[in-house]
Engineer: 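Okay, here's the structure, questions in a sec.
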Amino acid sequence: MFRAMRTVNWCEVLGTVLANEQVVDGKDERTGHPVTQKPLEQYFFKTTKYADELLDCLDGLDWPENVKTMQRHWIGRSEGARARFALTSGEEIEVFTTRLDTLFGVTFMALSTEHPVIEKAAESDLALKAFCDQVASLSREERLTSDEKLGHRTALSVLHPFTGEQVPVFAANYVLMDYGTGAVMGVPAHDERDHEFAKKYGLAIPQVIESESEWDLGTLVNSGEFTGMKSEDAATAMVAKLGDRAAKTTTYKLKDWGLSRQRYWGTPIPTVHCEACGVVPEKAENLPVRLPEDVAFTGVGPSPLLTSRSFLDTKCPSCGRPARRETDTMDTFVDSSWYWLRYLDPKNSSLPFAKVESDAWMPVDLYVGGIEHATMHLIYARFFYKVLRDLGLASGPEPFQKLICQGMVLKDGSKMSKSKGNIVDPDEVISRYGADALRLFMIFAAPIEKEIDWTGFEGIEGASRFLKRITRMVEDHAVTNQPLPAKDQLSAEEKALLIKLNQTLARLTDDLERRYQFNTVVSGLMELSNALGDLPADAPHRGAVLQHALDAFVRLMSPVAPHLAEQLWSQLGRPGLCMQAAWPETDAQYLEADEVLVVVQVNGKVRGRLTLPASATEDQRRAAALACTEAQPHLAGKEIVKVVLPPGGKLVSIVVKG
RNA sequence: GCCGGUGUGGCGAAAUGGCAGACGCGAUGGACUCAAAAUCCAUUUCCCCCUAAAGGAGUGUCGGUUCGAGUCCGACCACCGGUACCA
């Protein structure tokens with residue numbers, strides 16, 4: 001953690017800092033007061049120190065590819081070089097570039113308006129000062145929506161390190177102070193933005209790279225002693241030639257995490273400001289620092305904590321003299337970055353959590369969260385865990401081994417959220433249909449990772465009907481202790497039902513445990529309930545077969561309709577809770593039917609269907625397919641090239657010619 | 001612009017390279033009912049056709065791999081979301 005000056009969205013009228021999301025059109029979204037950029041001293045976590053590890057560990061995680069890709073881009077590692085250019089005044093400007101090989105194409109330097117060299121020059125250059133103020137006055141939004149390149153030529157020049165030519169220095173709006181070094185070497189022939197800028201300000205556009213194709217990095221031209229070298233070699237040679245004035249380096253888009261908030265509701269940052277000792281951490285025995293209650297909430301002005309004398313007045317942990325407590329609180333993302341670790345040891349009064357507990361339980365086997373957390377929460381949490389590991393509080397490199405991201409629920413095209421107020425109250429639906437019906441309906445609507453647009457409760461009738469149907473079935477069934485008869489004593493319909501039951505059981509177990517595909521668990525249950533309903537009323541062993549099937553059905557249903565499952569479990573005369581009962585086991589003798597349907601394809605088109613004994617050999621299947629009546633018109637007079645029998649035995653594919 | 005996602009019936013969707021549309025919603029017709037609700041049965045991708053049988057086409061478009069492609073590969077189109085000059 002460190003402290004540094006950074007610009008924030010500042011509302012002068014309210015006297016407070018605003019989050020980017022709260023700034024719309026350069027104004028506070030609530031009050032409409034103008035928002036400016038103001039430098040403020042804040043606390044930061046040095047997330048960039050972990051950038052490489054955060055990036056490299058992604059490969060080993062069982063996470064959705066799209067989330068991993070988003071994090072890779074967010075971290076944004078890029079390899080390049082830093083090079084220092086001497087100003088004619090004697091100072092130096094350092095730039096970052098990924099294309100040092102284009103050095104001979106430099107015709108200008110572009111510096112951020114916040115760059116120290118520009119700020120200093122502006123002190124004696126009123127026109128430059130005016131330009132910088134104009135850029136600063138543009139809100140974040142305005143900077144985003146306009147991509148016009150604006151520049152202002154300063155009185156400064158740098159010397160080209162190889163040619164010794166003077167290169168003019170510009171202040172430019174498209175150079176960002178918080179990426180790289182805040183200074184860019186302008187190579188108009190080989191960079192789109194530099195090109196646009198050079199054309200606008202009448203600068204030369206010399207070509208220094210020739211490439212034969214799009215994917216060829218190119219060969220240097222017009223580059224002095226480097227002419228004729230391949231691009232990738234030239235960069236290395238130039239670094240060597242420049243000596244201590246250049247070095248290969250890596251930059252990241254990832255920024256350090258600013259965690260200061262000037263708000264009451266947050267964890268206090270446990271530091272104390274002492275006139276003599278500076279910023280001092282609070283003593284361990286005084287932790288945690290608790291929020292005071294003698295606070296005035298006015299809704300405007302700086303942090304409410306500043307109104308509490310009991311909070312502010314304290315002693316310096318170092319020298320013991322009167323000192324002032326820090327009033328910044330932490331971003332709530334700090335808390336959400338390790339909450340699950342506290343779950344492991346919630347009653348520990350001396351530590352956040354004991355290492356034995358985290359060693360025993362971590363990493364989290366399966367973490368489920370919304371896709372909107374792909375780059376913020378899920379990077380913060382990974383960063384936090386790595387820091388805890390380095391502090392010796394936890395073990396292992398990553399907190400979440402497997403991740404599933406639910407899709408968002410949208411309403412009228414935008415994310416359903418408390419802050420937007422476009423939420424749907426489920427209470428009315430629950431009181432009318434029950435919580436199980438609502439749960440079932442939502443699970444059934446779409447796969448978990450898919451975004452759904454909430455159009456209403458139209459389909460909930462189906463979920464409700466299904467639950468009523470199975471309830472009726474259990475109510476109409478007379479509970480029995482008769483054991484399930486042996487397979488050879490059952491009627492064909494009874495056997496068919498048990499086969500459907502066991503096949504469904506195998507499929508749904510896989511859907512739940514491996515595929516995490518819950519919508520098909522619901523449709524599988526519906527199919528099985530339809531099959532239960534099809535068992536003839538006069539089936540010879542109806543009671544025993546139904547008892548067996550319903551018993552398994554209710555346990556299968558328990559994860560998606562837990563309340564009703566418990567009721568039916570008890571109605572079936574079973575002891576204890578269904579949710580604690582063992583998961584039903586598949587019975588291998590009922591996984592395969594005696595007869596199987598074999599599809600006959602001719603040149604890839606389905607031409608016939610055969611019912612064959614499951615025991616039929618490949619040769620028998622091939623012979624039956626070739627003899628299949630429906631296929632004959634498509635085989636007559638043709639030469640049979642080959643017959644394919646894929647594994648599984650459910651298909652015979654005949655290839656003919658002529 | 002860049003990044004990500006999605007394209008399958010009237011709608012939500014299923015199909016783990018092997019019968020496209022399971023399952024459900026809605027709709028239509030019927031049974032039950034004095035009537036309604038509830039429940040049950042039937043039909044419900046398109047073309048041809050008699051509401052039959054048998055065909056044909058069909059998963060955004062165009063191509064490829066394969067005995068076989070909604071699924072794999074390549075190019076493109078459309079829509080949705082995110083992001084903003086990253087040197």
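Order of the sequence lines sets the chain letters (A, B, ...), proteins ahead of strands, with each chain counted from 1.
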Engineer: Which whole number of Å gives the distance between the C1' atom of A13(B) and that of G24(B)?
Structural biologist: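 Result for the C1' pair: 8 Å, nearest Å.
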
Engineer: Just checking Lys650(A): base, sugar-phosphate only, or nothing, at a heavy-atom cut-off of under 4.0 Å?
Structural biologist: nothing

Engineer: Could you check Trp257(A) against Tyr380(A) for ring pair (Phe, Tyr, Trp, His ring centres under 6.0 Å), going step by step and ending with a plain yes or no?
Structural biologist: CA-CA 8 Å; Trp257(A) 175 9; Tyr380(A) 292 146; 3.8 Å; yes

Engineer: Under 4.0 Å between any heavy atoms, over every strand shown, what does Glu192(A) touch: base, sugar-phosphate, or nothing? Just pick one.
Structural biologist: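 Since no nucleic acid heavy atom lies under 4.0 Å of Glu192(A), the category is nothing.
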
Engineer: Checking one value: the base orientation of G9(B), syn if chi is within 90 degrees of 0, otherwise anti.
Structural biologist: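 For G9(B), whose glycosidic angle is within 90° of 0, the conformation is syn.
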
Engineer: Report the distance from atom CZ of Phe444(A) to atom C1' of C25(B), rounded to the nearest whole Å.
Structural biologist: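 To the nearest whole Å, that distance equals 9 Å.
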
Engineer: Using the C1' atoms only, state how far A54(B) lies from G60(B), rounded to an integer number of Å.
Structural biologist: 31 Å

Engineer: Can you tell me how far P of C23(B) sits from CG of Leu440(A), to the nearest Å?
Structural biologist: 16 Å

Engineer: Using a cut-off of 4.0 Å on non-hydrogen atoms, how would the nucleic acid contact of Lys253(A) be classed: base, sugar-phosphate, or nothing?
Structural biologist: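 Counting heavy atoms under 4.0 Å across all strands, the contact made by Lys253(A) includes a base.
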
Engineer: Mapping Val599(A) and Lys468(A) onto RNA chain B by nearest heavy atom, which one lands closer to the 5' end?
Structural biologist: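 Mapping each residue to its closest nucleotide by heavy atoms, the 5'-most match is Val599(A).
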
Engineer: When you measure from the side chain of Ala446(A), which nucleotide among A13(B), A87(B), C23(B) comes out closest?
Structural biologist: A13(B)

Engineer: Taking only the side-chain heavy atoms of Gln517(A) (C-beta and beyond), determine which of A13(B), A14(B), C3(B) contains the nearest atom.
Structural biologist: A14(B)

Engineer: Hey, do the aromatic rings of Phe108(A) and Phe197(A) have their centres closer than 6.0 Å?
Structural biologist: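 Ring-ring flag for Phe108(A)/Phe197(A): true, centres closer than 6.0 Å.
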
Engineer: Look through every strand shown and name the nucleotide pairing with G68(B) as Watson-Crick or G-U wobble, where both distances are under 3.5 Å.
Structural biologist: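 Paired with no nucleotide.
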
Engineer: Which nucleotide wins on minimum distance to the side chain of Met526(A), given the candidates C3(B), G24(B), C85(B)?
Structural biologist: G24(B)

Engineer: Looking only at the side chain of Pro447(A) (C-beta and beyond, no hydrogens), which of the listed nucleotides U16(B), C85(B), A14(B) gets closest?
Structural biologist: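 Nearest to the side-chain atoms of Pro447(A), counting from C-beta on, is A14(B).
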
Engineer: In whole angstrom, what separates Lys605(A)'s NZ from G58(B)'s P?
Structural biologist: 7 Å

Engineer: When the P atoms of A22(B) and G29(B) are compared, how many Å lie between them, rounded to an integer?
Structural biologist: 22 Å

Engineer: Go through Tyr433(A) and Phe441(A) one step at a time and tell me if the ring pair (Phe, Tyr, Trp, His ring centres under 6.0 Å) criterion holds.
Structural biologist: CA-CA 11 Å; Tyr433(A) 294 98; Phe441(A) 166 59; 9.1 Å; no

Engineer: Report the distance from atom CZ of Arg607(A) to atom C1' of G55(B), rounded to the nearest whole Å.
Structural biologist: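 Rounded to the whole Å, the gap is 9 Å.
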
Engineer: For Tyr252(A) and Asp52(A), test the side chains for any donor-to-acceptor distance below 3.5 angstrom and give the result as yes or no.
Structural biologist: yes

Engineer: Checking contacts here: which listed nucleotide (C85(B), A22(B), A13(B)) is nearest the side-chain heavy atoms of Leu176(A)?
Structural biologist: C85(B)

Engineer: Without decimals, in angstroms, what is the distance between Asn519(A) CG and A15(B) P?
Structural biologist: 7 Å

Engineer: Between Gln601(A) and G17(B), is there a contact of a side-chain N or O with OP1 or OP2 at under 4.0 Å?
Structural biologist: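 Result: no.
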
Engineer: I'd like the C1' distance from G58(B) over to G9(B), given in whole Å.
Structural biologist: 11 Å

Engineer: Look at the aromatic rings of His160(A) and Phe85(A) and report parallel, tilted or perpendicular, splitting at 30° and 60°.
Structural biologist: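 His160(A) vs Phe85(A) ring planes: perpendicular.
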
Engineer: Compare the minimum distances between each of G18(B), A14(B), C40(B) and the side chain of Arg469(A), then state the nucleotide with the smallest one.
Structural biologist: C40(B)

Engineer: Please give the distance between the C1' atoms of C62(B) and C49(B) as a whole number of Å.
Structural biologist: 33 Å

Engineer: Hey, does Arg465(A) reach any base, or is it just sugar-phosphate, or nothing, if we go heavy atoms under 4.0 Å?
Structural biologist: sugar-phosphate

Engineer: How far does the C1' atom of C46(B) sit from the matching atom of U59(B), given to the nearest Å?
Structural biologist: 13 Å

Engineer: Reckon Leu597(A) touches a base, only the sugar-phosphate, or nothing at all at heavy-atom distances under 4.0 Å?
Structural biologist: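 If one applies the 4.0 Å heavy-atom cut-off, Leu597(A) turns out to touch a base.
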
Engineer: Could you let me know what G1(B) is paired to, Watson-Crick or G-U wobble, both distances under 3.5 Å, or none if it's on its own?
Structural biologist: U83(B)

Engineer: With a cut-off of 6.0 Å (strictly less than), are more than 12 heavy atoms of other residues, nucleotides or ligands near CD of Glu475(A)?
Structural biologist: yes

Engineer: Does any donor atom in the side chain of Thr586(A) or Asn502(A) lie under 3.5 Å from an acceptor atom in the other side chain?
Structural biologist: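 Thr586(A) vs Asn502(A): no donor-acceptor pair found between side chains.
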
Engineer: Is the shortest side-chain N/O distance from Arg72(A) to OP1 or OP2 of G4(B) below 4.0 Å?
Structural biologist: no

Engineer: To the nearest angstrom, how far is Glu630(A) atom CD from G55(B) atom P?
Structural biologist: 9 Å

Engineer: Hey, does the side chain of Arg472(A) come within less than 4.0 Å of C40(B)'s phosphate (OP1/OP2), counting only N and O?
Structural biologist: yes

Engineer: Both Ala183(A) and Val644(A) contact RNA chain B. Taking the nearest nucleotide for each, which residue is further toward the 5' end?
Structural biologist: Val644(A)

Engineer: For the pair made of CG in Asn530(A) and C1' in G24(B), what is the distance, rounded to whole Å?
Structural biologist: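 Between C1' of G24(B) and CG of Asn530(A): 10 Å.
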
Engineer: Using a heavy-atom cut-off of 4.0 Å across all strands, would you classify Arg609(A) as base, sugar-phosphate, or nothing?
Structural biologist: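 Base, at least one base heavy atom under 4.0 Å.
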
Engineer: Could you work out which one of A13(B), A20(B), G12(B) sits closest to the side chain of Val606(A)?
Structural biologist: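 Among the listed nucleotides, the one closest to the side chain of Val606(A) is A20(B).
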
Engineer: Taking pairing as Watson-Crick or G-U wobble with both contacts under 3.5 Å, can you name the mate of U39(B), or confirm there isn't one?
Structural biologist: A31(B)

Engineer: Taking Arg72(A) first and then Asp59(A), would you say they form a salt bridge - that is, a charged N and a carboxylate O separated by under 4.0 Å?
Structural biologist: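 Here Arg72(A) pairs with Asp59(A) in a salt bridge, since their nearest N and O are under 4.0 Å apart.
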
Engineer: Please report the distance separating the P of U44(B) from the corresponding atom of A36(B), rounded so that it comes out in whole Å.
Structural biologist: 26 Å

Engineer: Determine the Euclidean distance between corresponding P atoms of G26(B) and G18(B); express it in Å to zero decimal places.
Structural biologist: 32 Å

Engineer: Charged N to carboxylate O below 4.0 Å: is that the case for Asp619(A) and Arg622(A)?
Structural biologist: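 Here Asp619(A) pairs with Arg622(A) in a salt bridge, since their nearest N and O are under 4.0 Å apart.
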
Engineer: Given C67(B), U16(B), A87(B), identify the nucleotide with an atom nearest to the side chain of Ser653(A).
Structural biologist: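 That would be C67(B).
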
Engineer: Any donor-acceptor pair under 3.5 Å linking the side-chain atoms of Lys248(A) with those of Thr236(A)?
Structural biologist: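 The criterion, which ignores hydrogens and geometry beyond distance, is satisfied for Lys248(A) and Thr236(A).
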
Engineer: From the list A22(B), G4(B), C85(B), which nucleotide is the closest neighbour of the side chain of Thr69(A)?
Structural biologist: G4(B)

Engineer: Go ahead and name the base partner of G21(B); Watson-Crick or wobble counts if both distances stay under 3.5 Å, otherwise write none.
Structural biologist: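 WC or wobble partner does not exist here.
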
Engineer: Across the strands shown, which category fits Asp194(A) at heavy-atom distances under 4.0 angstrom: base, sugar-phosphate, nothing?
Structural biologist: nothing

Engineer: Which is true for Ser78(A) with a 4.0 Å heavy-atom rule: it touches a base, it touches only sugar-phosphate, or it touches nothing?
Structural biologist: sugar-phosphate

Engineer: Base, sugar-phosphate, or nothing: which does Arg514(A) touch, judged by heavy atoms less than 4.0 Å apart?
Structural biologist: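 Base contact.
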
Engineer: Between C23(B), C3(B), G26(B), which nucleotide gets closest to the side-chain atoms of Glu461(A)?
Structural biologist: G26(B)

Engineer: Could you check how far NE2 of His190(A) sits from C1' of A87(B), rounded to whole Å?
Structural biologist: 15 Å

Engineer: Using a 4.0 Å heavy-atom cut-off across all strands, classify Thr520(A) as base, sugar-phosphate, or nothing.
Structural biologist: sugar-phosphate

Engineer: Which nucleotide, if any, forms a Watson-Crick or G-U wobble pair with C76(B), using both distances under 3.5 Å?
Structural biologist: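 Partner of C76(B): G60(B).
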
